[in-house]
Amino acid sequence: MYLEYYGLKEAPFNITPNPRFLFFSAKHREAFNHLLYGIRERKGFVQLTGEVGAGKTTLCRALLEQLGPNFSTALILNPVLDADQMVKAIAMEFNLPVRGLDRLETIAQINAFLLRQLEQGKDTVLIIDEAQDLTPELLEQIRLLSNLETDDRKLLQIILMGQPELRTRLNDHRLRQLRQRITVRYHLAPLKRQEVGQYIQHRLQVSGANGAPYFTWAAVWRIYSYSKGIPRLINAICDKCLLAGFVQQRDKIDFGMVGLAVKELEGIIES
């Protein structure tokens with residue numbers, strides 16, 4: 001509704017993980033570099049954790065764009081499966097014909113695929129999002145997949161992304177073999193107070209903003225106070241603010257408008 005009023009090409013604060021809108025804070029840049037390092041140096045396992053809405057999935061999609069044609073990738077977004085379903089889902093993400101095959105046959109297909117990738121000079125990457133939901137059995141199955149290797153290199157690079165609970169899950173004594181194989185770890189922290197204004201301005205510019213709308217210093221402070229620097233919450237608040245600005249026909253988003261947006265998000269209805 002407010003796009004035409006503000007002269008925007010697209011909504012700047014959608015909560016979908018669009019890599020074009022990725023704001024590289026210092027922590028997001030570090031996380032991105034850790035992921036690239038782990039993959040390009042064939043470290044086997046990489047672990048990325050962060051709070052809900054911190055930007056892990058957006059970072060992941062930006063990574064996939066960065067890797068280029070010499071990498072084959074599979075992304076598992078919903079890992080709540082049993083072991084057979086997980087192995088089959090991974091194979092299907094690599095476009096392997098595994099319908100009707102059992103787990104051992106499917107793993108054999110994956111292994112053959114990885115060897116073909118090696119012969120073609122390509123690397124293969126498996127990314128599992130929401131990995132904190134994986135059961136110990138599934139995590140052990142993923143570890144077994146990482147055993148697919150030649151004498152001098154791992155055939156499959158695996159990134160486990162999840163909420164902070166993933167670190168607790170991996171401390172389970174039963175998963176010590178997997179934990180020992182994770183050589184690259186990074187925890188993605190929320191944005192700092194001074195980065196929130198930069199984040200908002202970045203997304204507005206990507207959307208085609210040219211001076212309007214603009215958020216006052218006090219508005220940005222209140223957005224940070226509520227969101228604690230979590231990008232998804234920042235997006236939700238800012239979207240409500242722009243709608244309010246459109247209704248009031250105002251370019252300036254101030255402290256009071258942010259307060260109204262927060263109340264709406266919290267379901268606080270004033271009579």
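Worth saying up front: this structure is predicted, and the values here are computed from it rather than measured.
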Would you please say whether a donor-acceptor pair under 3.5 Å links the side chains of [X] and [Y]?
X	Y	result
Asn210	Tyr6	no
Gln157	Arg40	no
Glu266	Tyr226	yes
Asn147	Arg181	yes
Thr216	Asp254	no
Gln117	Glu119	no

Do [X] and [Y] have side-chain heavy atoms sitting under 4.5 Å apart?
X	Y	value
Ile127	Thr73	no
Tyr199	Pro231	yes
Ile39	Phe71	yes
Asp82	Thr135	no
Asn235	Asp239	no
Leu242	Pro12	yes
Lys228	Leu233	no
Pro213	Tyr5	no

So, the side chain of [X] versus the backbone of [Y]: is there a donor-acceptor pair under 3.5 Å, distance only?
X	Y	result
Arg176	His173	yes
Glu195	Lys192	yes
Glu105	Asp102	yes
Ser146	Arg143	yes
Ser227	Gly229	yes
Glu264	Ala261	no
His202	Leu22	yes
Asn14	Thr16	no
Gln249	Phe246	yes

Could you go through Phe45 and Leu178, starting from their C-alpha distance and side-chain angles, then the distance that decides it, and tell me whether this counts as side chain to side chain contact (heavy atoms under 4.5 Å, CB included)?
CA-CA 9 Å; Phe45 271 101; Leu178 171 57; 3.4 Å; yes
Test: Arg42 and Asp123 ion pair at under 4.0 Å:
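Salt bridge between Arg42 and Asp123, a charged N being under 4.0 Å from a carboxylate O: yes.
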Tell me whether Glu93 is salt-bridged to Lys88, with the criterion being a basic N under 4.0 Å from an acidic carboxylate O.
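Looking at Glu93 and Lys88, the cut-off is not met.
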Could you measure the distance from the [atom1] atom of [X] to the [atom2] atom of [Y]? Nearest 0.5 Å is fine.
X	Y	atom1	atom2	answer
Ile253	Cys241	CD1	SG	6.0 Å
Ile90	Thr106	CD1	OG1	10.5 Å
Arg167	Leu160	CZ	CG	14.0 Å
Arg174	Asp172	CZ	CG	4.0 Å
Ile107	Gln109	CD1	CD	11.5 Å
Leu35	Leu188	CG	CG	9.5 Å

For Gln120, does the CD atom have more than 12 heavy-atom neighbours from other residues, nucleotides or ligands under 6.0 Å away?
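It does: Gln120 CD has more than 12 such atoms within range.
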For the CG atom on Leu144, are there more than 12 heavy atoms of other groups (residues, nucleotides or ligands in this structure) within a distance under 6.0 Å?
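It does: Leu144 CG has more than 12 such atoms within range.
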Please determine whether residues [X] and [Y] belong to a single hydrophobic cluster, defined as Ile, Leu, Val, Met, Phe, Trp and Tyr linked transitively by side-chain heavy-atom distances below 4.5 Å.
X	Y	result
Leu134	Ile182	yes
Leu115	Leu145	yes
Leu265	Ile223	yes
Leu64	Phe94	no
Ile128	Leu77	no

How close do [X] and [Y] get, heavy atom to heavy atom, and via which atoms?
X	Y	result
His28	Ala54	NE2-O, 3.0 Å
Ala62	Phe32	C-CE1, 3.9 Å
Pro19	Glu65	CG-OE2, 3.4 Å
Gly38	Val184	CA-CG2, 4.1 Å
Leu59	Phe24	CD1-CE2, 4.3 Å
Tyr2	Leu243	CD2-N, 3.6 Å

Mind checking ring pair (Phe, Tyr, Trp, His ring centres under 6.0 Å) for Tyr186 and listing every partner two or more places apart, or none if nothing turns up?
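Tyr186 satisfies ring pair (Phe, Tyr, Trp, His ring centres under 6.0 Å) with His34 only.
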Any chance you could lay out the side chain to side chain contact (heavy atoms under 4.5 Å, CB included) test for Lys240 and Phe13, step after step, and finish with the verdict?
CA-CA 9 Å; Lys240 295 289 186 185; Phe13 298 109; over 6 Å; no
Per the side-chain contact (heavy atoms from CB on, under 4.5 Å) rule, which among Arg169, His187, Gln132 passes with Pro164?
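It is His187, the one option of Arg169, His187, Gln132 that forms the side-chain contact (heavy atoms from CB on, under 4.5 Å) with Pro164.
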side-chain contact (heavy atoms from CB on, under 4.5 Å) with Leu126: which of Ile159, Ile76, Ile110?
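Testing each of Ile159, Ile76, Ile110 against Leu126, the sole residue satisfying side-chain contact (heavy atoms from CB on, under 4.5 Å) is Ile76.
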Would Glu130 and Lys56 count as a salt bridge (Lys or Arg N to Asp or Glu O under 4.0 Å) if you check the C-alpha gap in whole Å, the side-chain angles of each, and the deciding distance to 0.1 Å?
CA-CA 10 Å; Glu130 303 296 345; Lys56 301 182 297 296; over 6 Å; no
ILVMFWY cluster membership beyond Phe21 - transitive side-chain contacts under 4.5 angstrom:
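The other cluster members (ILVMFWY side chains, heavy atoms under 4.5 Å, direct or chained) are Val206.
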Can you check side chain to side chain contact (heavy atoms under 4.5 Å, CB included) on Cys60 and Asp129, steps first, answer last?
CA-CA 9 Å; Cys60 167; Asp129 202 357; over 6 Å; no
Starting from the C-alpha separation in whole Å, work towards a yes-or-no answer on side chain to side chain contact (heavy atoms under 4.5 Å, CB included) for Leu36 and Gln66.
CA-CA 9 Å; Leu36 274 181; Gln66 179 75 26; 4.1 Å; yes
